[in-house]
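Just so you know, these numbers come straight off a predicted model, no measurement behind them. In the text below, chain A, chain B and the rest are named by the order of the sequence lines, each starting its count at 1.
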Amino acid sequence: MKNDKKEVLYGLYDDEEQLMTAVKKAKSDHLEIMDVYSPFPIHGLDPVMGLSESRLHIAGFVYGAIGALFGFGFMTWVFTRDWPIIFGGKPYWSVLSFIPITFELTVLFASVGMVVTFYTICGMWPGAKNPTLDNRLTDDKFCIAFQTNGASTQEVDQLRSFFSATGASEVNEKEL
Amino acid sequence: MSTVVSPIREPLIEGGKTYHDITEDIAAPTERTPSVAWVLAFMVAVSGLALYVFCLGWTIWNGIGTWNLNRTIGWGWDITNFVWWIGIGHAGTLISAILLLFRQKWRTGVNRAAEAMTIFAVMCAGQFPLIHMGRIWLAFFIFPYPNTRGPLWVNFNSPLLWDVFAISTYFTVSLLFWYTGLVPDLATLRDRSKGLRRKLYDFFSFGWTGSAKHWQRWESLSLVLAGLATPLVLSVHTIVSFDFATSVIPGWHTTIFPPYFVAGAIFSGFAMVQTLMVLTRKVLNLQEYITLSHIESMNKVILVTGSIVGVAYLTELFIAWYSGYIYEQFAFYNRVFGPYYWAYIGMMSCNVLSPQIFWFKKIRRSIFWTFVMSIFVNIGMWFERFVIIATTLARDYLPSSWSYYSPTWVEIGLFVGTLGLFFTLYLIFVRVAPVIAIAEVKAILKSAGDQFTGAKAQQHEGAQQQAH
């Protein structure tokens, strides 16, 4: 039977500055980092890890544009095509008074769309079970994880010496 | 230390905390058995909630004839309460969104509780217009859905409908913003708990792992939501003010209303945040995270917005006189010297005069005076809305239909009851979720912790150098 579980070797650090140095060293040693976990966002980590910028805000812009067009278009359709009514002697297509609702729908669509997208691409939903490496990763530990499926003893030893060289306080193995 | 922090800058986290201390301190209130103070407060709040349910049932069963509204004064305590609660609901998003964009680090100590407060306040606000409709079971008519009456659509030109969209959008976006910020902290609670608690927090933390890519997206999401929520929070009270400003009633029909309402909303929202924070930090023992410097910052906001509101009151009077329009002049004369003069005095003294004591640093940093002032401002801002609504309506165009209005027990019960609802929700919140954003406080520890900045940091560094 094929084992589709990930074998992970991970090291825990006590401080985010140590972690940053370690990630830089891993990059220069050409070690392939599976992931980095931390209890809070670490600024400056993404470029060091080589993570490309999130494109979530572009999605947000698209959702917002859809919201604006939908809101304005719907009100236009209602008041010029479907059921035109004169309010206070103003024109059917009274653009100015459509602005507040158009704005609200822009914000609503952009926010809801972005939040749904965020949880979907992160694989998160109510009750989602994403395995974690250590309970202290949401408390005070910072972790670098390497995937070791099919790695030779020599490669694993190289990773272990990397951890001891960069000052990891603990090194463990776990299957995810 | 890698980051450079000015030693003059006051620390925002005291007590030389480590990351683990932060987790322990903030998670503790959700993990220990509730204190006597909490139980007593909860009993009082639930009694208020019971009163609310009773008065709501009474109103719906018997109709709004049980209120003292009449043909002249169609908006009374109900709409006053609505605007008051919506105003209170502005501080949360202001703190979390606008202060995030301005990179104000002190927001991390208070943003979580303020956002929760926003959500609960909007919940209290939203029902007043609904029950005011009279037939609440037809409340869904306010949404433009394809119906069998044509379809006959709602009036998109009406500010009352704009309000529906503004408030429902505001509630949704605030809820999403708050919850997304909460998810990493719920994961912290999950990883500390066992048994049923662990299962529950597992469910509500959405499987958060703390992966670098997730944090990156989370930050990007927070920033864009803040960017969206900033104009949103300004738009909501602007649109609430349109309910009045787009009418042709002298005293309401003024262009100053949107900025004046927004300033008033921030003012009252911060006052309610102060009321809650002064109590929360004491009862939950979080004085090291919600420090005097946080309280002082918020008192400065109260001073500024209170003064803006004061300028708006005086501008209104000046413009009424300067307009040369006798109906406008009468409306404002009546506001100050008419039958509701006592409400005007309450408004002026609580909102404009009393916050001026915050010019003194000693008073800005006094817990006692902060609490007293926060209550004053809450009262003053309720009077402001009552002054705008009731005094204006009481003296309309036809002297034969002039009237006076005082509430019935049902209306008073509904108002007191929403306070019960609000505090019940808040007290439950402090028991089940971290009141302070754990991850965000950890992220500023190295630039705002007292071992890294301020007077103590220099001693600390000196001691370290000696040790070497």
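Under the 6.0 Å cut-off for aromatic ring centres, Phe206(B) and Phe118(A) do not qualify, their centroids lying 6.0 Å or more apart. Aromatic pair Phe103(A)/Trp162(B): ring centres not closer than 6.0 Å.
Residue Ile42(A) does not touch chain B at all, counting heavy-atom pairs closer than 4.5 Å. The contact between Val183(B) and chain A is made entirely by side chain atoms (from C-beta outward), counting heavy-atom distances below 4.5 Å. When heavy atoms are compared at a cutoff of 4.5 Å, Thr246(B) does not approach chain A at all. Interface remark: Pro231(B) contributes backbone and side-chain atoms alike to the contact with chain A (heavy atom separation under 4.5 Å). Contacts of Leu200(B) with chain A are absent, with no heavy-atom separation under 4.5 Å from either backbone or side chain. For a residue to count as touching a neighbouring chain, one of its non-hydrogen atoms must lie under 4.5 Å from one of that chain's; by this rule Leu108(A) touches chain B with backbone and side chain alike. At a 4.5 Å heavy-atom cutoff, the contact between Leu221(B) and chain A is made by backbone and side-chain atoms alike. Heavy atoms of Ser52(A) lying under 4.5 Å from chain B belong to its backbone as well as its side chain.
Remark: side-chain polar atoms of Trp215(B) are paired, donor with acceptor, to backbone N or O of Ser38(A) under 3.5 angstrom. Between the Lys129(A) side chain and the Asp202(B) main chain, no donor and acceptor come within less than 3.5 Å of each other.
With respect to chain A, the highest number of heavy-atom pairs below 4.5 Å among Ser220(B), Ala229(B), Ser205(B), Pro184(B) belongs to Ser220(B). Per-residue heavy-atom pair counts under 4.5 Å with chain A were compared for Trp218(B), Phe242(B), Phe204(B), and the maximum is reached by Trp218(B). Of the listed residues (Gly210(B), Ser235(B), Ala439(B)), the greatest number of heavy-atom pairs within a distance under 4.5 Å of chain A belongs to Gly210(B). Counting heavy-atom pairs under 4.5 Å between each of Glu16(A), Glu53(A), Met49(A) and chain B puts Glu16(A) at the top. Counting heavy-atom pairs closer than 4.5 Å to chain B, the top residue among Pro126(A), Ser54(A), Gly127(A), Pro100(A) is Pro126(A). Ranked by non-hydrogen atom pairs under 4.5 Å with chain B, the options Arg55(A), Met75(A), Lys141(A) are led by Met75(A). By number of non-hydrogen pairs under 4.5 angstrom with chain A, the leading residue of Asp21(B), Thr238(B), Thr23(B), Thr169(B) is Thr169(B). When each of Phe98(A), Phe79(A), Phe61(A) is scored by its heavy-atom pairs under 4.5 Å with chain B, the top score falls to Phe79(A). Top candidate by heavy-atom pairs under 4.5 Å with chain B, chosen from Val112(A), Val78(A), Leu56(A), Thr117(A), is Val78(A). In terms of heavy-atom pairs under 4.5 angstrom with chain B, the leader among Leu45(A), Asp46(A), Leu137(A), Asp15(A) is Asp46(A).
Ring-plane geometry between Phe74(A) and Trp153(B) is classed as perpendicular, the angle between the planes exceeding 60 degrees on a 0 to 90 degree scale with a lower cut at 30.
Counting non-hydrogen atoms of neighbouring residues, nucleotides and ligands closer than 6.0 angstrom, the CZ atom of Phe102(B) reaches no more than 12 such neighbours. Atom NE2 of His57(A) sits in a crowded spot, with more than 12 heavy atoms from other residues, nucleotides or ligands closer than 6.0 Å. The local environment of CZ in Arg149(B) is crowded, with over 12 non-hydrogen atoms from other residues, nucleotides or ligands closer than 6.0 Å. Around the CH2 atom of Trp93(A), the shell of radius 6.0 Å holds no more than 12 heavy atoms that belong to other residues, nucleotides or ligands.
Contact check on Lys213(B) versus Asp35(A) returns no salt bridge, with no Lys/Arg side-chain nitrogen under 4.0 Å from an Asp/Glu carboxylate oxygen.
Neither side chain, Thr209(B) nor Asn130(A), offers a donor N or O lying under 3.5 Å from an acceptor on the other. Side-chain N/O atoms of Ser94(A) and Asn157(B) include a donor and acceptor closer than 3.5 Å.
The structure places CD of Glu104(A) at 8.0 Å from OG of Ser168(B), a figure rounded to the nearest 0.5 Å. In this structure, Cys122(A) SG and Gln216(B) CD are separated by 10.0 Å, a value rounded to the nearest 0.5 Å. Atom-to-atom distance recorded for Met114(A):CE and Leu176(B):CG is 11.0 Å, nearest 0.5 angstrom. With rounding to the nearest 0.5 Å, the separation of CZ in Phe156(B) from OG1 in Thr76(A) is 10.0 Å. We find the NZ-CG distance between Lys442(B) and Asp139(A) to be 5.0 Å, quoted to the nearest 0.5 Å. Atom CZ of residue Phe109(A) and atom CG of residue Leu228(B) lie 13.5 Å apart, to the nearest 0.5 angstrom.
Within the 4.5 Å cutoff, the side chain of Leu161(B) has heavy atoms near those of the Ile101(A) side chain. In this structure, Arg190(B) and Thr132(A) have side chains that are in contact, with non-hydrogen atoms separated by less than 4.5 Å. For the pair Asp140(A)/Thr18(B), no side-chain contact is recorded, criterion being any heavy-atom separation below 4.5 Å from C-beta on. Inter-residue side-chain proximity for Pro39(A) and Ile438(B) is flagged as unmet; no heavy-atom pair is nearer than 4.5 Å.
Of all the heavy atoms in Ala187(B) and Thr138(A), the pair that sits closest is O-OG1, 3.8 Å. Minimum heavy-atom separation, Gly207(B) to Met124(A): O-CG, 4.0 Å.
Results of the side-chain contact (heavy atoms from CB on, under 4.5 Å) test with Val107(A) over Val173(B), Thr172(B), Leu225(B) single out Val173(B) as the only residue that passes.
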